[in-house]
Amino acid sequence: MNSSQVPPHDNPDFRPAVVTVGSELVYGERTNDNQLWMLHTLWERGIPAQIALSLSDDERLIGTEIGRLSAQGCFPILVSGGIGGTHDDVTRQGIARGLGVPLTEHAECRAILTARYGDQFTPQRQRMAELPEGAQLIDNPLGAPGFHCRGVYGFPGFPNMLQPMATTVLDELLTGTVAPARYTREYVLACGEGAIATPLEHFSLEHPEVSVGIYPSAAKLRREVLVRLRYPEGADAIADAFEALIDKLRRSLPGS
């Protein structure tokens, strides 16, 4: 990956977006493990995603959404799936459409694919060398290269390819930055969410730098709620205050 296209490493305005492409995901035919992995990885690195989308294999739809995310200043836009050479792989075309650039044959990509596939370099596989104009390659030791162009990063949908490639990209993007680590504390209380909603809302308003989630049990006969505190590095005092609040709430519950 050529770092000349990467914004300055001291840029604090990371607003990541995660886009997973595949009609099988939208139709519920396959679990979206790639989305979950990318979202969790971004959270752990201190740059949580601002938005996550799942899109069908539709060039126009992909173009519309990529263009919208780019116009909103999202960066990086991580896209997985649909960069192969079959008729339903239209992510490359969609990204080009969204960025307002043509698809052009990328000479370096074609050379890599020619060496990889030899006499099996079919017309379908040759399509993988057609990338958005100005794109630069992301190395993929296991298959066809990924690419990045104007803040959009295209990865294969295979997890064993996506994960090391995306890790390399994020390592480079975050070099020299001081992105705070993110931490989580979880608590289970034997009550419904209504019994604790008001004090937790007040705490959230007093401490906007942290995030408080309230998740009631999905079991029909279980009256139980999971409370999750998400907080950045350096906010341990706030986390301790939240834990004290949870202890107070727990003592006030009936039967405690």
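Treat the numbers as computed from the prediction; the structure is a model and nothing was measured.
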Would you say Trp43 and Thr184 make side-chain contact, with heavy atoms under 4.5 Å? yes
For Pro16 and Pro48, which heavy atoms make the closest approach, and how far apart are they? CD-O, 3.6 Å
Determine whether Glu206 and His202 satisfy the following criterion, side-chain hydrogen bond (donor to acceptor under 3.5 Å, both in side chains), listing intermediate values before the conclusion. CA-CA 6 Å; Glu206 292 171 0; His202 289 164; over 6 Å; no
Verdict with supporting geometry, Leu42 and Leu78, side chain to side chain contact (heavy atoms under 4.5 Å, CB included): CA-CA 10 Å; Leu42 289 168; Leu78 307 180; 4.2 Å; yes
Return the set of residues passing salt bridge (charged side-chain N to carboxylate O under 4.0 Å, His left out) with Asp88 (not counting sequence neighbours), or none when no residue passes. none
Side chains of Asp58 and Val90, heavy atoms from C-beta outward: is any pair under 4.5 Å? no
Got a sec, which hydrophobics cluster with Val188, joining ILVMFWY side chains under 4.5 Å apart, including via others? Tyr215, Leu226
Are Leu200 and Leu249 packed together at the side-chain level, in the sense that at least one heavy-atom pair is separated by less than 4.5 angstrom? yes
Using links of under 4.5 Å between side-chain heavy atoms of ILVMFWY residues, direct or through other members, which residues join Leu36 in one cluster? none
Which pair of non-hydrogen atoms, one from Arg125 and one from Gln120, has the smallest distance, and what is that distance? NH1-O, 2.8 Å
Mind checking what makes salt bridge (charged side-chain N to carboxylate O under 4.0 Å, His left out) contact with Arg230, not counting sequence neighbours? none
Ser204 vs Val210 side-chain heavy atoms within contact, under 4.5 Å: no
Which residues pass the side-chain hydrogen bond (donor to acceptor under 3.5 Å, both in side chains) test with Thr31, not counting sequence neighbours? Asp33
With clusters defined by side-chain heavy atoms of hydrophobic residues (ILVMFWY) lying less than 4.5 Å apart, directly or transitively, does Met128 cluster with Phe155? no
So, for Ala52 and Leu39, which heavy atoms are closest and what is the spacing to 0.1 Å? CB-CD2, 4.0 Å
Can you find a heavy atom in the side chain of Val152 that is under 4.5 Å from one in the side chain of Leu69? no
Over all heavy atoms of both residues, which pair between Leu173 and Phe14 is shortest? Give the atoms and the distance, please. O-CZ, 3.7 Å
Taking Thr91 for the side chain and Gly81 for the main chain, is one N or O donor matched with an acceptor at less than 3.5 Å? yes
Distance-only donor-acceptor check, side chains Asp171 and Thr168, under 3.5 Å: no
Taking side chain to side chain contact (heavy atoms under 4.5 Å, CB included) as the test, write out the residues that go with Leu25, two or more places apart. Thr20, Arg30, Asn32
Measure from the side-chain N and O atoms of Arg228 to the backbone N and O of Ile214, and report whether any donor-acceptor pair falls under 3.5 Å. no
Measure the shortest side-chain to side-chain distance between Arg92 and Arg127 over non-hydrogen atoms and say whether it is less than 4.5 angstrom. yes
Distance-only check: which donor-acceptor pairs under 3.5 Å involve side-chain atoms of residues 100-111, not counting sequence neighbours?
{"unit_1": "Glu105", "atom_1": "OE1", "unit_2": "Arg110", "atom_2": "NH1", "d": "3.3"}
{"unit_1": "His106", "atom_1": "ND1", "unit_2": "Glu108", "atom_2": "N", "d": "3.4"}
{"unit_1": "His106", "atom_1": "ND1", "unit_2": "Cys109", "atom_2": "N", "d": "3.2"}
{"unit_1": "His106", "atom_1": "NE2", "unit_2": "Ala135", "atom_2": "O", "d": "3.2"}

With rounding to the nearest 0.5 Å, note down the distance linking OH in Tyr153 to CE in Met38. 14.0 Å
Stepwise side chain to side chain contact (heavy atoms under 4.5 Å, CB included) test for Val18 and Val79: CA-CA 6 Å; Val18 168; Val79 185; over 6 Å; no
Ignoring hydrogens and angles, tell me if any N or O in the side chain of Asp57 forms a donor-acceptor pair with the backbone of Ser23 under 3.5 Å. yes
Non-neighbouring partners of Phe121 that pass ring pair (Phe, Tyr, Trp, His ring centres under 6.0 Å), sequence neighbours left out: none
CD/Glu233 to OH/Tyr183 distance, rounded to the nearest 0.5 angstrom? 4.5 Å
If you compare all heavy atoms of Gly157 against all heavy atoms of Asn34, which two are closest, and at what distance to 0.1 Å? O-ND2, 2.7 Å
My understanding is that only residues two or more places apart in sequence, or in another chain, count here; which of them pass salt bridge (charged side-chain N to carboxylate O under 4.0 Å, His left out) with Glu243? Arg185
Taking only residues two or more places apart in sequence or in another chain, which ones pass ring pair (Phe, Tyr, Trp, His ring centres under 6.0 Å) with Tyr117? none
Salt bridge (charged side-chain N to carboxylate O under 4.0 Å, His left out) partners of Arg68, counting only residues at least two apart: Glu65
Look up atom CD in Gln136 and atom CZ in Arg150, then write down how far apart they are to the nearest 0.5 Å. 12.5 Å
Between Thr41 and Trp37 (side chain of the first, backbone of the second, donor and acceptor by atom type, cut-off under 3.5 Å), is there such a pair? yes
Going from CE on Met161 to CD1 on Ile83, what distance comes out if it is rounded to the nearest 0.5 angstrom? 9.0 Å
Step through the shown structure and confirm whether more than 12 heavy atoms of other residues, nucleotides or ligands are within 6.0 Å of CZ on Phe203. yes
Leu99 and Cys149 have their tightest heavy-atom pair at CD1-O, 3.4 Å
Does a side-chain heavy-atom distance below 4.5 Å link Asp139 with Pro145? no
Look up atom CG in Leu162 and atom OG1 in Thr167, then write down how far apart they are to the nearest 0.5 Å. 8.0 Å
Tell me, with the steps shown, if Ser54 and Gln35 meet side chain to side chain contact (heavy atoms under 4.5 Å, CB included). CA-CA 8 Å; Ser54 295; Gln35 183 185 80; 3.4 Å; yes
Path from Ile77 to Phe147 over hydrophobic side-chain contacts below 4.5 Å: yes
Other hydrophobic cluster members with Tyr27, side-chain heavy atoms of Ile/Leu/Val/Met/Phe/Trp/Tyr under 4.5 Å, chained? Val26
Rounded to the nearest 0.5 Å, how far does CD1 of Ile62 lie from CG of Leu55? 6.0 Å
I want to check something: taking the side chain as every heavy atom from C-beta on, are Phe158 and Leu142 in contact at a cut-off of under 4.5 Å? no
Any link between Leu113 and Ile138 through a network of hydrophobic side chains (Ile, Leu, Val, Met, Phe, Trp, Tyr) touching at under 4.5 Å? no
Please walk me through it: do Leu131 and Leu137 pass side chain to side chain contact (heavy atoms under 4.5 Å, CB included)? CA-CA 9 Å; Leu131 302 179; Leu137 301 183; 3.6 Å; yes
